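These numbers come from a predicted model, not from an experiment. We number each residue from 1, following the sequence as shown. First listed ligand is number 1; within each ligand, the first listed atom is number 1.
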Amino acid sequence: MSKTIVIGACGQIGTELTLELRKIKGINSVIAADVKDESPEILKDGIYVKMDILNSLMVREYIIKHQIKEVYLLAALLSATAEKNPDFAWRLNMEGLFTILELAKEGHITKIFWPSSIAVFGPTTPKDNTPQVTVMEPTTVYGISKQAGERWCEYYFNKFGVDVRSIRYPGLISYTSLPGGGTTDYAVDIFYKAKAENTFNCFLSADTELPMMYMEDAIRATIELMEAPSEKVKIRSSYNLSGCSFTPAQLAKEIQQIQPGFTITYSPDFRQQIADSWPNSIDDLSAREDWGWKEKYGVSEMVRIMLENVDVNSMV
Ligand code: NAD
Ligand code: SER
């Protein structure tokens, strides 16, 4: 079995993706890498390497020496954090991608997964059922970096045959690992506060509708896309992917079905402007037609699972 590396493995997606890939490929075939000194307890069974994706020399040496053939590149600054440090966000989100694309171009890596985001869209994009191909004028540094990344992925595929695959993830909702500084983080935070305090003060307004997805669906989509025969992966920029869409008020109502006393208040901050520039819902027909994507989780099921499983002791 050839080796796989997940770079950014300690994050919200990386933790669960590494666990799932290890189940499929075997513990010793999937290396977890991150800039953090240590991996979370849950990943301690397998190999962990401290790796800064910006240290391209080290990344190159490690990947070549260990004959790693498949790379999941998740290290990035997310939308809210990126707005606070645009220069660094641009550097981190782009340089790492070039290092990996170049390694693939040289023939060291055979397959890359690099995630994009609904943040590639902007205020001029049609908001409802946003099509795969449409106006894209992102207004955040994060969105600009993801859009540029998509263009480069497609370029490396067309020019050099690099097998790179990508999904425009919506906001992801999970309980294994906390989210890392995005605009959709409220939809995770709300469950911790609901369970701990039965109340939540939301940083987005009541009627801000955004596309979201339960993590299990996102991980399954990622692996299905990576396992699809190359000829079925017709889009080499990034695939639209849809799970469910809701507003904070609708999410609160779902929580109240299980916790009738739950209350929500609203104090929109700088993240409101980011959210306002993103779609309400996504049309993912291409993913469905090309490689058979279908979501499993709707809002009610996701809310039930989250309330059952969030560990309020891990809340920061
Ligand atoms: P996260 O912030 O939870 O995790 C990112 C991980 O990258 C962290 O563990 C961090 O320590 C690591 N990292 C940061 N700088 C690094 C460096 N220099 N070298 C190596 N590792 C470094 O993010 P996430 O939510 O897991 O997102 C992963 C990817 O998916 C990102 O590209 C993000 O843009 C994309 N994405 C996420 C969502 C979401 O809702 N979570 C939605 C759309 C796209
Ligand atoms: N969840 C991500 C964010 O809010 C979307 O890419 O930044």
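Distances shorter than 4.0 angstrom occur between a heavy atom of Ser116 and an atom of ligand 1. Residue contact check for ligand 1: Lys146 places a non-hydrogen atom closer than 4.0 Å to it. In this structure, Trp278 is part of the shell of residues with a heavy atom less than 4.0 angstrom from ligand 2. Residue contacts with ligand 1: Gly182 is excluded, as none of its non-hydrogen atoms falls under 4.0 Å.
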Note to self: Could you walk me through whether Ile112 and Arg165 satisfy the side chain to side chain contact (heavy atoms under 4.5 Å, CB included) test, starting with their C-alpha distance in whole Å, then the side-chain angles of each, then the deciding distance to 0.1 Å, before giving a yes or no?
What the structure shows: CA-CA 6 Å; Ile112 301 170; Arg165 304 171 182 212; over 6 Å; no
Next item on the list: Assess whether side chain to side chain contact (heavy atoms under 4.5 Å, CB included) is satisfied between Ser300 and Gln257, documenting all intermediate values.
Entry: CA-CA 9 Å; Ser300 306; Gln257 301 287 320; over 6 Å; no
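Under 4.0 angstrom from ligand 2, there are no non-hydrogen atoms of Ala119. Within the 4.0 Å heavy-atom criterion, neither part of Leu73 lies near ligand 1. Residue contacts with ligand 1 for Lys36 involve side-chain atoms from C-beta outward but no N, CA, C or O (heavy atoms, distance under 4.0 Å). Contact annotation: for Tyr186 versus ligand 2, there are no heavy atoms closer than 4.0 Å. At a heavy-atom cutoff of 4.0 Å, ligand 2 is contacted by the side chain of Tyr142 but not by its backbone. Of the heavy atoms in Leu92, only side-chain atoms (C-beta onward) come closer than 4.0 Å to ligand 1. Heavy atoms of Ala33 found under 4.0 angstrom from ligand 1: none, in either backbone or side chain.
At least one N/O-N/O distance between Tyr142 and ligand 1 falls below 3.5 Å. Considering backbone and side-chain atoms alike, Leu172 places an N or O below 3.5 Å from some N or O of ligand 1. At least one N/O-N/O distance between Ser117 and ligand 2 falls below 3.5 Å. At least one N/O-N/O distance between Thr184 and ligand 2 falls below 3.5 Å. Polar contact check, Tyr169 against ligand 2: no nitrogen or oxygen pair lies under 3.5 Å apart.
Listed by atom number, the atoms of ligand 2 under 4.0 Å from Thr183 heavy atoms are 3 (C), 4 (O), 7 (O). In summary, the atoms of ligand 1 found under 4.0 Å from a heavy atom of Gly180, numbered by their order in the structure, are 2 (O), 3 (O). Near Gly8, meaning under 4.0 Å from one of its heavy atoms, ligand 1 places the atoms 6 (C), 7 (O), 12 (C). Residue Cys10 has at least one heavy-atom neighbour below 4.0 Å for each of these atoms of ligand 1: 9 (O). In the vicinity of Ser79, heavy-atom distances shorter than 4.0 Å reach the ligand 2 atoms 3 (C), 4 (O), 7 (O). Under a 4.0 Å criterion applied to the non-hydrogen atoms of Met51, ligand 1 contributes the atoms 19 (N), 20 (C). Shown in contact with Gly171 at under 4.0 Å from a heavy atom are these atoms of ligand 1, numbered in order with element: 40 (O). Short contacts between ligand 1 and Ala76, defined as distances under 4.0 Å to a heavy atom of the residue, involve ligand atoms 31 (C), 32 (O).
Side-chain atoms of Ser242 do not come within 3.5 Å of backbone N or O of Asp284 as any donor-acceptor pair. Judged purely by atom type and a 3.5 angstrom limit, Lys25 has no side-chain atom pairing as donor or acceptor with the backbone of Glu20. Looking only at distances, no side-chain donor or acceptor of Ser237 sits under 3.5 Å from a matching main-chain atom of Glu154.
Between Ser174 and Glu16 the shortest side-chain heavy-atom distance falls below 4.5 Å. Looking at Tyr169 and Ile118, their side chains never come closer than 4.5 Å, going by heavy atoms from C-beta outward. With contacts defined as side-chain heavy-atom distances shorter than 4.5 Å, the pair Glu95/Ile53 does not qualify. Asp37 places a side-chain heavy atom less than 4.5 Å from the side chain of Lys50. Proximity of Leu178 to Tyr192: side-chain heavy atoms (C-beta onward) are separated by under 4.5 Å at one or more points. Between Leu54 and Phe88, some side-chain heavy-atom pair lies under the 4.5 Å cut-off.
Counting non-hydrogen atoms of other residues, nucleotides and ligands closer than 6.0 Å to CD of Gln67 gives a total of 12 or fewer. Within a 6.0 Å radius of NZ in Lys44, more than 12 heavy atoms belonging to other residues, nucleotides or ligands are found. The number of heavy-atom neighbours closer than 6.0 Å to NZ of Lys253, taken from other residues, nucleotides and ligands shown, is 12 or below.
Distance from atom 26 (O) of ligand 1 to its nearest protein heavy atom, with residue and atom name: Ile13 N, 2.9 Å. Closest protein heavy atom to atom 19 (N) of ligand 1: Ile53 N, 2.9 Å. Scanning all protein heavy atoms for the shortest distance to atom 23 (O) of ligand 1 gives Leu78 CD1, 3.3 Å. Taking atom 42 (C) of ligand 1 as the reference point, the nearest protein heavy-atom neighbour is Pro170 O, 3.3 Å. The protein non-hydrogen atom at the shortest distance from atom 4 (O) of ligand 1 is Gly11 CA, 3.2 Å. When only non-hydrogen protein atoms are considered, atom 43 (C) of ligand 1 lies nearest to Tyr169 CB, 3.3 Å. For atom 41 (N) of ligand 1, the nearest protein heavy atom (residue, atom name, distance) is Gln12 OE1, 2.9 Å. For atom 8 (C) of ligand 1, the closest non-hydrogen atom on the protein side is Asp34 OD2, 3.5 Å.
Of all the listed residues (Asn93, Asn55, Val35, Asp52), Asp52 holds the heavy atom that lies closest to atom 18 (N) of ligand 1. In the candidate list Ile118, Leu74, Ile167, Leu241, Leu74 is nearest to atom 29 (C) of ligand 1, counting heavy atoms.
Judged by a 6.0 Å distance limit and a 45° cone about the ring axis, Lys234 is not positioned over the six-membered ring of Trp291. A cation-pi geometry, defined here as NZ or CZ lying under 6.0 Å from the six-membered ring centre and within 45° of its normal, holds between Lys105 and Phe160.
Using a 4.0 Å cut-off between a side-chain N of Lys or Arg and a carboxylate O of Asp or Glu, Asp87 and Arg91 do not qualify as a salt bridge.
Between Trp152 and Phe98, the distance from one ring center to the other falls under 6.0 angstrom.
Between Tyr186 and Phe203, the angle of the ring planes goes over 60°, which puts this pair in the perpendicular group of the 30/60° scheme.
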